[in-house]
Amino acid sequence: MKNVLLFIIIFFYSNILNAVEFKGKFEQGSFIIGKATKGSKIEVDKRKIRLTKDGYFAFGLDRDRKNNVIIKIHENGKTEIIEKKILKRDYKIQRIDGLPKKHVTPPPEVYERIKKDNILIGKARSIDTTYDYFKDKFINPIDKYIITGVYGSQRILNGKPRRPHYGIDFHAPEGTPVKAMMDGEITLAERDMYFTGGTIIFDHGHGVSTLYMHMKDVNVEVGQKVKQGDIVGTLGKSGRATGPHLDIRLNWFEIKLDPESILKLRWGKKNFYSTLL
């Protein structure tokens with residue numbers, strides 16, 4: 001009888017603990033995909049999270065996140081609370097000297113333009129659709145490249161500390177075709193933003209978006225659906241850039257994540273000082 005009761009208790013708690021699975025590292029800057037029982041309700045840090053029809057959900061961890069993540073799973077009238085410790089990362093220091101003043105501090109006459117650009121980008125990043133493309137495997141936007149900038153690196157421009165870099169920079173010849181990393185819908189397609197130049201934002205569902213910057217050519221329009229591998233434009237050096245490169249970003253709503261969370265990069269020769277933004 002005791003063995004039967006013990007089996008029942010172990011079985012019950014095993015089912016609760018296995019109610020949700022996670023893919024991704026619980027460390028600063030990471031993108032996390034979860035899989036829960038169909039019909040469950042999920043909260044992450046008191047924020048209600050959308051689930052796909054088959055139980056997948058997504059969330060992300062900020063670059064400087066310090067406190068643990070609290071995940072609540074509500075299922076069949078019961079609530080399970082999972083607490084995950086966040087691993088701290090060490091970020092690179094990127095010093096770039098000898099830059100023109102306008103690359104470090106924009107002149108006052110462009111402030112209004114920058115404000116409008118930021119509103120457009122923020123609006124595109126806030127979109128929450130039912131697309132479930134985010135749960136599939138992403139591909140690199142170009143095939144041959146040199147990594148010239150990494151996520152999280154603290155930038156010191158002409159000796160002055162500036163905001164961290166929130167993307168990955170792919171250096172390649174200007175005009176190199178650029179591919180969509182995943183299926184999605186175009187939510188922003190601008191050809192001349194002040195900081196980012198030719199800029200594209202892709203919606204992959206559930207608040208997950210990717211962003212391309214400094215494009216030479218932007219060959220898509222807002223509302224257009226794209227498939228993984230589609231050519232969406234060409235690599236350039238538009239906006240506030242010091243050389244040809246593609247700066248890609250990964251966002252979960254307002255949270256800026258490390259694109260390496262979704263990509264398999266080829267690490268070879270690196271030059272962390274050749275491009276800006």
Side-chain angles (χ1 to χ4, degrees), residues 19-26 29-63 65 69 71-75 119-141 151 166-168 178-190 199-213 218-233 246-264:
V20 62
E21 301 172 357
F22 298 103
K23 179 182 179 182
K25 296 180 180 179
F26 280 84
S30 284
F31 174 60
I32 308 293
I33 295 177
K35 178 69 164 61
T37 304
K38 182 178 179 181
S40 300
K41 294 183 179 180
I42 305 291
E43 292 180 40
V44 176
D45 298 329
K46 298 181 180 180
R47 183 173 187 165
K48 293 182 179 179
I49 304 297
R50 182 195 292 274
L51 270 70
T52 65
K53 292 180 180 179
D54 47 357
Y56 285 94
F57 61 96
F59 62 95
L61 308 173
D62 186 77
R63 174 190 185 272
R65 170 120 190 185
V69 180
I71 303 155
K72 292 184 180 179
I73 303 102
H74 306 284
E75 182 185 354
I119 289 172
L120 287 174
I121 291 173
K123 184 178 179 181
R125 290 173 56 197
S126 67
I127 292 173
D128 182 11
T129 64
T130 59
Y131 294 140
D132 61 357
Y133 307 127
F134 69 87
K135 64 187 179 67
D136 296 324
K137 185 177 180 181
F138 287 69
I139 63 171
N140 291 336
Y151 173 87
Y166 286 105
I168 292 178
V178 175
K179 300 180 290 187
M181 295 187 288
M182 177 49 64
D183 294 3
E185 180 177 341
I186 305 299
T187 54
L188 184 142
E190 294 288 329
T199 307
I200 303 174
I201 295 183
F202 307 79
D203 170 34
H204 307 294
H206 293 227
V208 180
S209 63
T210 51
L211 187 155
Y212 291 177
M213 302 179 180
V218 174
N219 298 334
V220 290
E221 300 294 339
V222 171
Q224 182 177 336
K225 303 288 182 61
V226 296
K227 289 290 187 180
Q228 184 180 70
D230 286 351
I231 301 300
V232 296
L246 176 70
D247 183 349
I248 69 166
R249 306 288 173 100
L250 171 66
N251 303 306
W252 180 60
F253 295 113
E254 76 283 358
I255 299 176
K256 301 171 183 178
L257 308 175
D258 189 348
E260 196 174 353
S261 296
I262 59 172
L263 298 176
K264 185 176 182 180

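Only this structure's heavy atoms are used, side chains among them; waters, hydrogens and symmetry mates stay out.
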* Structure fact -> Rounded to the nearest 0.5 angstrom, the OG1-CG distance for Thr37 and Asp54 is 12.0 Å
* To do: Take Leu211 and Asp247, measure what side chain to side chain contact (heavy atoms under 4.5 Å, CB included) needs, and give me the verdict at the end.
  => CA-CA 8 Å; Leu211 187 155; Asp247 183 349; over 6 Å; no
* Structure fact -> One should read off an interatomic distance between Glu75 CD and Ile42 CD1, to the nearest 0.5 angstrom, of 8.5 Å
* Please name the residue in the list Asp183, Asp136, Thr129, Thr210 that meets the side chain to side chain donor-acceptor pair (under 3.5 Å) test with His204. => Thr210
* Heavy-atom distance under 4.5 Å between the side chains of Gln228 and Tyr133, does that happen here? -> no
* Asked: How long is the gap from CD1 on Ile32 to NZ on Lys25, to the nearest 0.5 Å?
  -> 10.5 Å
* Side chains of Leu61 and Trp252: closer than 4.5 Å at any heavy-atom pair? -> no
* To do: State, with a plain yes or no, whether a side-chain heavy atom of Ile201 is found less than 4.5 Å away from one of Asp203.
  => no
* **Any side-chain heavy-atom pair of Lys225 and Tyr131 under 4.5 Å** => yes
* **Phe22 and Phe57 aromatic ring geometry - parallel, tilted or perpendicular at 30°/60° bounds** => perpendicular
* Asked: Would you call Asp45 and Arg65 a side-chain contact if the rule is heavy atoms closer than 4.5 Å?
  -> yes
* Would you give the length of the straight line joining atom CD1 of Ile33 to atom CD of Glu21, rounded to the nearest 0.5 angstrom? => 12.5 Å
* To do: Kindly indicate, with the supporting measurements, whether the criterion side chain to side chain contact (heavy atoms under 4.5 Å, CB included) is fulfilled by Phe138 and Leu250.
  => CA-CA 11 Å; Phe138 287 69; Leu250 171 66; 5.5 Å; no
* **Residue list, side-chain hydrogen bond (donor to acceptor under 3.5 Å, both in side chains) with Thr187, at least two apart or on another chain** => none
* **Sub-4.5 Å side-chain heavy-atom contact between Tyr56 and Asp132** => no
* Structure fact -> Distance col, row Met182:CE vs Lys137:NZ, nearest 0.5 angstrom, shows 10.0 Å
* Going by the salt bridge (Lys or Arg N to Asp or Glu O under 4.0 Å) test, name the single residue among Arg125, Arg47, Lys123 that passes it with Glu254. => Arg47
* Residue pair Ile186 / Glu221: nearest heavy atoms and the distance that separates them -> CB-O, 3.3 Å
* Asked: Side chain of Tyr166, backbone of Ile255: donor and acceptor closer than 3.5 Å?
  -> no
* Test item: Asn140 side-chain N/O and Lys264 main-chain N/O as donor-acceptor pair under 3.5 Å -> yes
* **Check: Arg50 main-chain N/O paired with His206 side-chain donor or acceptor under 3.5 Å** => yes
* What's the spacing between Lys72 NZ and Ser40 OG if we round to 0.5 Å? -> 15.5 Å
* Asked: Which pair of non-hydrogen atoms, one from Leu188 and one from Ala124, has the smallest distance, and what is that distance?
  -> CB-CB, 4.1 Å
* Decide yes or no for Ile200 and Val232: does some side-chain heavy atom of the first lie under 4.5 Å from some side-chain heavy atom of the second? => yes
